[in-house]
Participant: 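Sharing a structure below in structure tokens format, with a few things to ask.
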There are 2 protein chains.
Amino acid sequence: MLVDDHRMLREGLRRSLEDEGFDVLGEAADGLEAVRMAAELRPEVILMDVTMPEMDGVEAVRRIHEECPEIRVVMLTMHADADVLAQAIRAGAAGYLVKDCSTDEIADAVRMAANGDTALSPQLASTMLEELRRLNAPPETEEDRLVTKREEEVLQLIADGCSTPEVAAKLYISQKTVKNHLASVYQKLDARDRTQAVLMAVRMGIVRLD
Amino acid sequence: MLVDDHRMLREGLRRSLEDEGFDVLGEAADGLEAVRMAAELRPEVILMDVTMPEMDGVEAVRRIHEECPEIRVVMLTMHADADVLAQAIRAGAAGYLVKDCSTDEIADAVRMAANGDTALSPQLASTMLEELRRLNAPPETEEDRLVTKREEEVLQLIADGCSTPEVAAKLYISQKTVKNHLASVYQKLDARDRTQAVLMAVRMGIVRLD
DNA sequence: GTGGAATTGGGCCGATCGACCCATTGAACG
DNA sequence: CGTTCAATGGGTCGATCGGCCCAATTCCAC
């Protein structure tokens, strides 16, 4: 079964796969449709795009895997994104391919998935390794951090809307210490007030913006 | 000739077009390659993706149109973006299709382009109309703005790193007026200081973060 | 075990901020 | 012609901010 919001890509894939001898039972254009269709058609393998309207591919995989664990879902994506890859694997995806691969590779991936193997684009193998390295070696990120953990906590609370005394209360420290941390941040981020410091931190991805 | 950075899509397109009776002279994976290959192969029509590495589709169209004005270039895109559409048309594109269309529609577009007609996805016809309406009726956006023009200017300058006296100097108004505008913004955006106001404005897309 | 960095905290002071009053002008709308 | 609202500005006042001086503790690395 094919799931992608672009009919052009679905039709191209269907031709390629049918030429390879596969039966394409159905096509869906978004995640919701995919979940319904998967429960009805019970295909052996689903090729599913990650980015789709209504429901993205990752959530669709999660639901399909809950309802029909025997269906093998191979994800398709435009870019080798480690985060999405990790989410998809956790959601129960059986494979992950970047769209820039040949029809032969796709056919191979579908066969592997049908046999219970996990198919992964070669581009993603290296991405996976980097991801594992990152997860297994957190101290290294500790080294080159610009602001310290505490300074980051202060920044995040300021970004969340806290005033100096509120930050102090939440961290169980004095207002003076909060101001000291901020002063340190101003130097490091080349900011002259908390507004600029928080904006820089947002730009650098140090703090999140709910 | 086909230009897209995803081999999967190129192969699917090639199959579909060849089944329709077209000759595909060549495939390119990025803009630079496309410009070189177009000058060499001199195809009648080029189907080109907008988003590509090395050189995007719009710039590639511009160069191809300069060197070989007789080549008709039909743009392909994932989303109906009016800005990109306008840029592509100015760059000399002969057509513009969203990828979510059938192979029949693509074949029709190629035939129309070859005949010197301009092909446009039906989805884009409405987008074009909206674009025209937007350009011809700018006052409507003035109505439902949360913050006023002046307040927005103040917010942007604060986000750019200006202090109150600096904002006043740049806008040729007094510091007091700047503070008045800010006080008004605090109410409207439910913020209690400039930091929160700017963050809210960023979240709402009112100000940009260079 | 010594040195550096992080975290904590103090005081002081001038500058700035935000809240709360207020007034005037001009443009827009009915 | 009156009303509304944006934009301009004034003043005051307490709270906060940021810079600059300082020091104690802890913890990690070399």
Side-chain angles (χ1 to χ4, degrees), chain A residues 136-202 204 206-207, chain B residues 136-202 204 206-207:
Chain A
N136 293 345
E140 70 166 356
T141 55
E142 194 84 9
E143 305 296 323
D144 54 351
R145 71 190 301 110
L146 237 180
V147 298
T148 66
K149 278 184 310 192
R150 205 56 163 173
E151 287 161 0
E152 193 175 314
E153 289 178 39
V154 172
L155 273 176
Q156 184 62 59
L157 286 171
I158 297 285
D160 290 343
C162 295
S163 63
T164 299
E166 285 168 353
V167 172
K170 292 209 177 192
L171 297 181
Y172 303 106
I173 56 181
S174 79
Q175 296 188 28
K176 182 58 201 166
T177 303
V178 173
K179 291 170 73 172
N180 283 342
H181 286 314
L182 283 174
S184 169
V185 168
Y186 297 152
Q187 279 195 316
K188 292 175 179 175
L189 299 191
D190 192 30
R192 58 170 164 179
D193 53 43
R194 55 188 63 205
T195 302
Q196 288 309 302
V198 171
L199 282 178
M200 271 303 300
V202 169
M204 299 171 61
I206 295 175
V207 303
Chain B
N136 293 345
E140 71 168 353
T141 56
E142 196 83 9
E143 305 298 325
D144 53 353
R145 69 189 307 109
L146 232 180
V147 298
T148 65
K149 278 184 311 192
R150 206 56 163 169
E151 287 161 0
E152 193 176 314
E153 288 178 40
V154 172
L155 273 175
Q156 183 63 59
L157 287 172
I158 298 284
D160 289 343
C162 295
S163 62
T164 300
E166 285 169 352
V167 172
K170 293 209 177 195
L171 296 180
Y172 303 105
I173 57 180
S174 79
Q175 296 187 28
K176 181 57 200 165
T177 304
V178 174
K179 293 170 73 172
N180 282 342
H181 285 314
L182 283 174
S184 170
V185 168
Y186 297 152
Q187 279 195 315
K188 292 176 179 174
L189 299 190
D190 192 30
R192 58 170 163 177
D193 54 42
R194 55 190 63 205
T195 301
Q196 288 308 303
V198 170
L199 282 178
M200 272 303 300
V202 168
M204 299 172 63
I206 295 175
V207 303

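Throughout, protein chains are lettered first and strands after them, A, B, ... in sequence-line order, and every chain is numbered starting at 1.
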Participant: Whole Å only: how far is the CG atom of A:D190 from the P atom of D:dG19?
Facilitator: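 So the CG-P distance, A:D190 to D:dG19, works out to 11 Å.
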Participant: Any carboxylate oxygen within less than 4.0 angstrom of a Lys/Arg side-chain nitrogen, looking at B:R192 and A:E166?
Facilitator: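 Salt bridge flag = yes for A:E166 with B:R192.
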Participant: Report the distance from atom CG of A:D193 to atom P of C:dC17, rounded to the nearest whole Å.
Facilitator: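 Atom CG in A:D193 sits about 8 Å away from atom P in C:dC17.
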Participant: Give, ordered by number, those residues of residues 158-179 of chain A having at least one heavy-atom distance below 4.0 Å to an atom of DNA chain D; if nothing qualifies, reply none.
Facilitator: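 Close to the strand are A:T164, A:K176, A:K179.
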Participant: What is the distance from CG of B:L182 to P of C:dC20, rounded to the nearest Å?
Facilitator: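 Value for this atom pair: 16 Å.
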Participant: Does B:K170, at its NZ atom, have more than 12 non-hydrogen atoms belonging to other residues, nucleotides or ligands within less than 6.0 Å?
Facilitator: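 12 or below, so no.
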Participant: Heavy atoms, side chains only, cut-off 4.5 Å: are B:V154 and B:V185 in contact?
Facilitator: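 Answer no - side chains too far apart.
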Participant: When you measure from the side-chain N and O atoms of A:H181 to the phosphate of C:dA6, is any distance below 4.0 Å, counting only OP1 and OP2?
Facilitator: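 Answer is no, no contact under 4.0 Å.
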Participant: Is B:R192 near enough to C:dG18 that one of its side-chain N or O atoms lies under 4.0 angstrom from OP1 or OP2?
Facilitator: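 No.
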Participant: Which part of the nucleic acid, if any, lies within contact of A:N180, taking any heavy atom under 4.0 Å across all strands shown: a base, the sugar-phosphate backbone alone, or nothing?
Facilitator: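 Result for A:N180 = base.
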Participant: Quick one: closest heavy-atom pair of A:T164 and A:K179, and the distance?
Facilitator: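 Answer, listing the atom of A:T164 first, then A:K179: CG2-CG, 4.0 Å.
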Participant: Let me know the distance between CD of B:Q187 and P of D:dC5, rounded to the nearest Å.
Facilitator: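 It works out to 13 Å between those atoms.
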Participant: Check this one for me: any side-chain N or O of A:Y186 less than 4.0 Å away from OP1 or OP2 of D:dG18?
Facilitator: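 Checking D:dG18 against A:Y186, a side-chain N or O does come within under 4.0 Å of OP1 or OP2.
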Participant: Going by side-chain contact (heavy atoms from CB on, under 4.5 Å), B:L199 matches just one of A:D160, A:T195, A:V198. Which one?
Facilitator: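 Exactly one pass, corresponding to A:V198.
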Participant: Roughly how far, to the nearest 0.5 Å, is the CG atom of A:N180 from the CD atom of A:E151?
Facilitator: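 A:E151 atom CD to A:N180 atom CG measures 10.0 Å (nearest 0.5 Å).
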Participant: Please state how far atom NZ in B:K188 lies from atom P in C:dG18, giving the value in whole angstrom units.
Facilitator: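 My rounded result for the distance is 17 Å.
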